[in-house]
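The structure under discussion appears below in the form of structure tokens.
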Amino acid sequence: MSMSKTHCTASTALAAFLAFSAVCPAMAAPHHKAAPKTETTKQAAAPAKPPEDQILAVINGQVLTQRDVDNRAKLFVLSTGLPISPEIMNRMRGQIIHQLIDERLKTQEILKLHINVEPDQIAGAISNIEQRNGMPKNALRDRLATDGVSLTTLIDQIRVQIGWMQVLREKLGEEGRITATQISQREQALQAEQGRAQYFMSEIFVPVADPRHDENELAFTKTIISQLREGAPFPIVAAQFSQAQSALDGGSMGWVQEDNLDPQVVNIVRQMPIGAISNPIQVAGGFVIATVQSKRVVGKQMGTLLDLRQAFFPFDAPLNPQNPTDQQKMALQRATAAVQNTHSCPEMEALNKSLGEKRPSNPGSQILERLMPQMKAVLESLPPNRVSRPLVSMDGIALLMVCDRQQKNLAQQSPSEIADQLMNERVEQASRQLQRDLQRRAIIEMRPAAKTAFN
């Protein structure tokens, strides 16, 4: 049976749009192709699993079971979207046990101080992780549910991260208050550094319990690096495995100057290309994995700040460009009509709400110069209050509109940004000190099943 002219046109248009379109991180989730299962993979997965209720460690009377470790491992595999071999997971198992022991100690301190983490705080943190990884709303939750991983695994981890931050603020007390004098002193310091390098970067910190025997942590760090270079999303990996306080922000440190970095890290990031993943960097207390998103000179970086709105037409199934569904063809027709009939940012917001708001109407301010080249080409010449051409991805069609564009010196840090940076530095230092104290005072019994993971 032949296809109607309308459907033929829609099919061709979808294929053409998909071939040319680029979707910015605020709009679409990455899609990873699963590796085909081979006989080697099947054989590697053959060894019998230990029972889920097997106790691996007892931390101040609280047990850590095989189920806890398996769930955290599954969470990592699913959230990265990469096929990970059983051999790699075995190499990671020891560090997962170490991390879960640290989380038990943190949880015990949270409970001791009667700190309560509200559900909306956890929901906000999950949403933040999704946004930083370019995922649509609830994508991480849905992926876990589809693959049979309890959402509790993710919630428990985030609850510890948020609760620990509150512990640190309580421990710091008055020391946690940033004064106007301290902000002024940092502003003067920045003025003195005019012309020096500054880096927008992210980190993953892997602590080392005993610097004399860091072989397991180094092996784990190298494994993580290999997965990142294969395409694992840095924010997701940082949120799960970094023991720095920046983990809650997907590892993002924001803009930092060289004086606020370990000398070993400075030596590496000076030479790193944008977007590269570093080798393990040994610092006091552990290893750092760094990536640099951008570099600039302190005090000077002119850029174009865009205030955007978007509308997203979701597909009912992943797009096959050669054989789009009727719903996908209809979505393209509706998006094309909206290009002609939408003339303001409030109208774009209303349109997106009518479509179920699968993407946020306001994706946040975007810096034109940091967008992907194809996306930059779409927005660079787009006049205000005009709708972009339809941008087709595997899961839907996006329309963008520029509400306002401003030239701004992006290197000028506001007092609030400086205060945040000072607070982060103070909290990070307090966190490492308190963790060492908790480990020193703890009674930790490692069972034989856990000890084999470190060999």
Side-chain angles (χ1 to χ4, degrees), residues 9-32 81 127 130-140 142-143 233 304-321 324-405:
T9 304
S11 176
T12 305
L14 278 169
F17 277 135
L18 184 64
F20 186 68
S21 292
V23 183
C24 68
M27 288 162 36
H31 293 269
H32 302 282
S127 177
E130 290 172 336
Q131 289 177 20
R132 285 183 179 277
N133 195 48
M135 290 179 168
K137 189 176 180 180
N138 294 327
L140 192 51
D142 294 343
R143 185 182 295 175
T304 306
L305 200 62
L306 300 179
D307 180 23
L308 301 176
R309 296 295 181 272
Q310 67 176 339
F312 185 75
F313 297 76
F315 289 156
D316 55 1
L319 174 65
N320 175 356
T325 67
D326 289 342
Q327 185 269 342
Q328 291 164 348
K329 297 168 192 172
M330 182 61 67
L332 177 61
Q333 292 172 14
R334 292 178 64 195
T336 304
V339 171
Q340 305 299 323
N341 300 326
T342 309
H343 307 290
S344 70
C345 287
E347 288 181 14
M348 280 287 281
E349 291 184 16
L351 173 61
N352 196 44
K353 286 181 181 177
S354 73
L355 296 168
E357 215 164 5
K358 299 295 185 182
R359 300 282 188 277
S361 299
N362 183 352
S365 297
Q366 301 287 327
I367 297 170
L368 180 65
E369 290 76 12
R370 294 183 196 160
L371 295 175
M372 294 183 296
Q374 287 177 301
M375 183 55 60
K376 182 180 177 183
V378 171
L379 296 172
E380 199 164 25
S381 58
L382 187 66
N385 298 314
R386 288 276 299 275
V387 183
S388 71
R389 62 177 176 80
L391 304 172
V392 181
S393 65
M394 294 297 292
D395 54 354
I397 303 172
L399 303 177
L400 295 178
M401 177 179 284
V402 176
C403 306
D404 184 44
R405 64 178 74 218

task: Would you name the heavy atoms of L382 and L400 that are closest together and state the gap between them?
output: CD2-O, 3.9 Å
message: Are N341 and E347 packed together at the side-chain level, in the sense that at least one heavy-atom pair is separated by less than 4.5 angstrom?
response: no
message: Less than 4.5 Å apart, side chain to side chain, heavy atoms only: is that true for L305 and I367?
response: yes
query: Mind checking whether N385 and C345 have side chains closer than 4.5 Å, heavy atoms only?
result: yes
- prompt: With a 4.5 Å limit on heavy-atom distance, are the side chains of R389 and V339 in contact?
  reply: no
field: Under 3.5 Å donor-acceptor, Q328 side chain and P321 backbone
entry: no
field: Shortest non-hydrogen contact between A377 and S381, atoms and distance
entry: O-OG, 4.2 Å
query: Any donor and acceptor pair, going by atom type alone, linking the side chain of R309 with main-chain N or O of S344 inside 3.5 Å?
result: no
Intermediate values then yes/no, side chain to side chain contact (heavy atoms under 4.5 Å, CB included), T342 and L399: CA-CA 10 Å; T342 309; L399 303 177; 5.8 Å; no
field: Nearest-0.5 Å distance that lies between atom CG in L332 and atom CD1 in I397
entry: 4.5 Å
- prompt: Do you know the tightest heavy-atom contact between C403 and P384?
  reply: O-CB, 4.4 Å
message: Would you compute the distance between atom CD of Q366 and atom CZ of R405 and round it to the nearest 0.5 angstrom?
response: 13.0 Å
field: Side-chain donor or acceptor of Q310 paired with backbone N/O of N352 under 3.5 Å
entry: no
- prompt: Which atom names give the shortest non-hydrogen contact between F312 and S393, and what distance separates them?
  reply: CE1-OG, 4.3 Å
- prompt: At their closest point, which heavy atom of G396 faces which heavy atom of F315, and how far apart are they?
  reply: N-CD1, 3.3 Å
- line: All heavy atoms of K353 vs all of E357, minimum pair found to be CG-OE1, 3.8 Å
